[in-house]
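The structure follows.
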Amino acid sequence: MAGPTRGFLGRQRNRDPRLPPGQYDVGRDWPVLTAEPTPRIAPETWSITVDGQVEAPTTWSWEEAHRLPRSEYRGAIHCVTTWSKFDTRFAGVSLDTLLEAARPTADAHFVLATSRTGYTTNLPLADVTGGKAWIVWEYDGAPLPVEHGGPVRLLVPHLYFWKSAKWISRLTLTTRDQPGFWEQNGYHDRGDPWRQQRYQGD
Ligand SMILES: Nc1nc2c(c(=O)[nH]1)N[C@H]1C(S)=C(S)[C@@H](COP(=O)(O)O)O[C@H]1N2
Ligand SMILES: [Mo]
């Protein structure tokens, strides 16, 4: 076999199975990607509201959210700009817990996540239920750094990381899909890294 072909196959064989197509392992680094100025939000002024197509719109303060059952995520995160990071460890509350309290109506099929800054991103309800999404305030046993969305961010690690809105403040259940900030600017509506759903039409 000619050199380049053999090299290519060799690299494929050694590829980490946790790495989706078109991604590379960023190692210990954790790049910061923020479209807007970083807000300073004091925990005592932070809250999260679940509203829209729900039977019981609910708001939790920092203290109230911390009294909910703690839930952790350990695993990879994947940015559409092609870096993936393995062995991350986040802690906060499962979205299942928030949604069980707010009780989505039968015609709620999507969620629009809104940050305190106005950043938005849309998600199918099925992608944030069943133990697949969290709001998190801890990374690696320490408070989530402000540049990474502290005090509290959304975490939806099975989708590209632009879906994980930093400085999360609201989750609005909707009947129809409403494109968020990056989705209005050409990014895919769902963003599954295993299917390379980077841009609209992928
Ligand atoms: N509010 C807000 N959330 C955001 C973004 C942003 O610009 N603003 N960028 C998204 C994108 S594109 C990525 S890759 C991740 C980056 O998170 P990090 O800076 O903690 O790595 O946050 C997502 N959440
Ligand atoms: Mo990103």
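As the structure lists them, so they are numbered: ligands from 1, and atoms in each ligand from 1.
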Enumerate donor-acceptor pairs with a distance under 3.5 Å from any side-chain N or O in residues 145-154 to protein atoms, sequence neighbours excluded.
residue, atom, partner, partner atom, Å
Arg153, NH1, His148, O, 2.8
Arg153, NH2, Ser164, O, 2.9

Can you list every pair where an N/O of ligand 1 is under 3.5 Å from an N/O on the protein?
residue, atom, partner, partner atom, Å
ligand 1, 1 (N), Glu36, OE2, 2.8
ligand 1, 1 (N), Ser115, OG, 3.3
ligand 1, 1 (N), Lys166, O, 3.3
ligand 1, 3 (N), Lys166, N, 2.9
ligand 1, 7 (O), Ala35, N, 2.7
ligand 1, 7 (O), Glu36, OE1, 3.3
ligand 1, 8 (N), Glu36, OE1, 2.8
ligand 1, 8 (N), Glu36, OE2, 3.2
ligand 1, 9 (N), Leu33, O, 3.2
ligand 1, 17 (O), Arg153, NH2, 3.2
ligand 1, 19 (O), Leu33, N, 3.0
ligand 1, 19 (O), Lys166, NZ, 2.6
ligand 1, 20 (O), His148, ND1, 2.6
ligand 1, 20 (O), Arg153, NH1, 2.8
ligand 1, 21 (O), Trp30, NE1, 3.0
ligand 1, 21 (O), Pro31, O, 2.7
ligand 1, 22 (O), Arg153, NH2, 3.2
ligand 1, 24 (N), Ser164, O, 3.0

- [ ] Evaluate salt bridge (Lys or Arg N to Asp or Glu O under 4.0 Å) for Asp51 paired with Arg170, printing each intermediate quantity in order.
- [x] CA-CA 8 Å; Asp51 64 4; Arg170 190 175 295 269; 2.6 Å; yes

Open item on the list: Clusters formed by hydrophobic residues whose side-chain heavy atoms approach within less than 4.5 Å: which one holds Tyr73, and what are its other members?
Closed with: Tyr24, Val26, Trp30, Leu33, Ile77, Trp83, Phe90, Trp134, Val136, Tyr139, Leu144, Leu155, Phe161

TODO: For the pair Gln200 (side chain) and Glu183 (backbone), establish whether a donor and an acceptor sit closer than 3.5 Å, ignoring hydrogens and angles.
DONE: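 Such a contact is found between Gln200 side chain and Glu183 backbone.
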
Task: Thr97: partners by side chain to side chain donor-acceptor pair (under 3.5 Å), with sequence neighbours left out - done: none

Open item on the list: Tell me if the aromatic rings of His66 and Trp137 count as close, with their centers under 6.0 Å from one another.
Closed with: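 Judged by ring-centre distance (under 6.0 Å), His66 and Trp137 do meet the cut-off.
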
